[in-house]
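Values reported hereafter were calculated over all heavy atoms of this structure, with side chains retained and with hydrogens, waters and symmetry mates removed. Order of the sequence lines sets the chain letters (A, B, ...), proteins ahead of strands, with each chain counted from 1.
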Amino acid sequence: MKPESPETEAGSAEGLISDPSSLKPGDRVVYPNQGVCRVTGADVQEIAGQKLELVRMVREEDGAAVLIPRAKVSSVGLRRVASRSYIEGVFHYLAAQSADPELDWKIRHRDNADRLVTGGVLGVAEVVKGLHSLSHIRPLPTKEREQYDSSRHLLVAEISASLGVPPSVAEDYVDYALMPPAGVTFKLKPPPRPVELPVRFARRKPVVKAEEELGLDDMGLELGELAELGEGAAAEEGGEKGEEAAGAEGAEGEAGAGTGEEAGQAPARAAPHAKARPAARKAAPAPKRAAPKKAARPEAKRARAAAKAAPRKAAPAKAARKAPRKPAKGGKR
Amino acid sequence: MIRIVTLAPYDAADLAWLGKTLYTAFGLGTEIAGERRPPASAELPGGRTDAEKLVQAAGAPRVVADDKILFLAAADLALPPGPLGEPPAWGFSQQGGERAVVSTRRLPARGSTEASVEAWRRRLARECIHFIGHLWELHHCYDPRCAMHPSWSPDLAPIPDAALCNFCREKSERKIRLAKT
Ligand SMILES: [Zn+2]
Ligand SMILES: [Zn+2]
């Protein structure tokens, strides 16, 4: 097995695993949105007549078995637990003065979802800090209150793993930085640069039960989706244009995140927001977006079969998704 | 069941009041399980006490199923220093685990007037709810009126409430139900 090269792709999270063969049993990794896992080995499973190579892991906090297809290790954002020195930088970010929180809930939902998947541990800290400063303006709506809690959970688990302290102590460190006791000030260093977020992944519901069993739901990418990359780029582009023409940002999978409490804000903000986004979207040559759902679903089976034939296509497509994004809200840089 | 083990002498009426308040917060029975000697192995040079070691090493009654043990101590609890320094420790909790400690050292003086005793009891109860909350996997909360708000926060009221906010209470209820099944 080759050693994991220390350098990461420009603008990607620290420790991102680009070569699954570098993973060996005992390695501690972070599976975005899932938590700290320990690699236990490799496995081959047959699904729908196709052999699928899998990385087998155990989630540390509850011992849950986690399986990732080898070909998806990099696209799900699997990465090494952040180093001690990087985590220190995260604390300098947490303790820095907060910028104004993002008030447009659609932008906030989208950016926070992206940060949790691709932003590394700093991205998770950005979500916690951003929602924290938003909570000073008004109580968080239910969905975001839950996201605040689950992001805290992820952040605390990774700090605890990286620094080797109990989770409750890791959380004390977080809040010592975020809301220091009266009279306590810190000598802060410049925090790490936030990860440049890709144009966000399409988020869709699981297609078949087999995928659920693999733990592939909730990660934003699915087997069926890989197939669509290979199957019909033209159809997808059509889908994307249609989507943008309709200004349907909020109509993506994440639309559900717009809770009842916030629905009232939507009409006023939808229009300027829809105008602001396409430039970035169009900069990417052929970004993978959700194909129209009606077209994609009935083909799920065929798509899955094709996925096995063309799993490699995921990587270049992902690279093409990169587009400039404004820096995250949070610390002053 | 929450079993309260004291590692220093406390007034029986104060403990009874604490037991009632914890029952209200979590809907779990409480038991005052007697006084034990603080473990010498947790003592640090300079008179402080390693909070994590204390919780691991202190003697306690045998527990069953989802029982939680809360130690009450008078010690100056120490945490390992973090990247920005050592946060002040009002207690320590095995997040999602079985044991927690709360120290009365940082509480306002108990005094002997009705008001000062009441304020002391409320603050003690608040801290106990906080660290038991961690045992039920609760995280810190941004609401300064909630017991899961950090104990050192400048936003806390002078005599803070001994209760959880709706979000934290519902989460604790879910976790308690889950542990029972
Ligand atoms: Zn706490
Ligand atoms: Zn709360």
Enquirer: By a 4.5 Å heavy-atom criterion (distance strictly below it), what part of A:E61 contacts chain B: side chain, backbone, both, or neither?
Expert: neither

Enquirer: Check whether more than 12 heavy atoms from other residues, nucleotides or ligands sit under 6.0 Å from atom CZ of A:R59, and answer yes or no.
Expert: yes

Enquirer: Less than 4.5 Å to any heavy atom of chain B: does that hold for the side chain of A:F186, its backbone, both, or neither?
Expert: side chain

Enquirer: Looking at A:A177, A:S168, A:A182, A:P139, which makes the most heavy-atom pairs under 4.5 Å with chain B?
Expert: A:S168

Enquirer: Indicate yes or no: at least one non-hydrogen side-chain atom of B:P88 is less than 4.5 angstrom from one of A:Y176.
Expert: yes

Enquirer: Tell me, for B:P80 versus chain A, whether the close heavy atoms (under 4.5 Å) come from the side chain, the backbone, both or neither.
Expert: both

Enquirer: Please confirm whether the backbone N or O of A:L140 pairs with a side-chain atom of B:Y142, one donor and one acceptor, at under 3.5 Å?
Expert: yes

Enquirer: Return the minimal non-hydrogen interatomic distance between A:V169 and B:F92, and the atom names on each side.
Expert: CG2-CE1, 3.6 Å

Enquirer: Given B:K171 and A:D149, is the side chain to side chain contact (heavy atoms under 4.5 Å, CB included) satisfied, shown in steps?
Expert: CA-CA 10 Å; B:K171 184 175 172 185; A:D149 200 59; 2.5 Å; yes

Enquirer: Could you measure the distance from the CG atom of B:L84 to the CZ atom of A:F91? Nearest 0.5 Å is fine.
Expert: 7.0 Å

Enquirer: Under 6.0 Å from the CZ atom of B:R145, do we count more than 12 heavy atoms belonging to anything else shown?
Expert: no

Enquirer: Residue by residue, scan residues 62-73 of chain B and write down, ordered by number, those that have a heavy-atom distance under 4.5 Å to chain A; if none do, write 'none'.
Expert: none

Enquirer: I'd like to know if the side chain of A:E171 and the backbone of B:H140 have a donor-acceptor N/O pair within less than 3.5 Å.
Expert: yes

Enquirer: Counting only non-hydrogen atoms closer than 4.5 Å, does B:F167 touch chain A with its backbone (N, CA, C, O), its side chain (CB onward), both, or neither?
Expert: side chain

Enquirer: Which one of B:P154, B:G82, B:P87 has the most heavy-atom pairs closer than 4.5 Å to chain A?
Expert: B:P87

Enquirer: Top residue by heavy-atom pair count (under 4.5 Å) with chain B, among A:H153, A:R152, A:M179, A:R145?
Expert: A:R145

Enquirer: Locate the shortest heavy-atom distance separating A:Y173 from B:P83; write the atom from each residue and the value.
Expert: CD1-CD, 3.9 Å

Enquirer: To the nearest 0.5 Å, how far apart are NE2 in B:H134 and CG in A:D172?
Expert: 6.0 Å

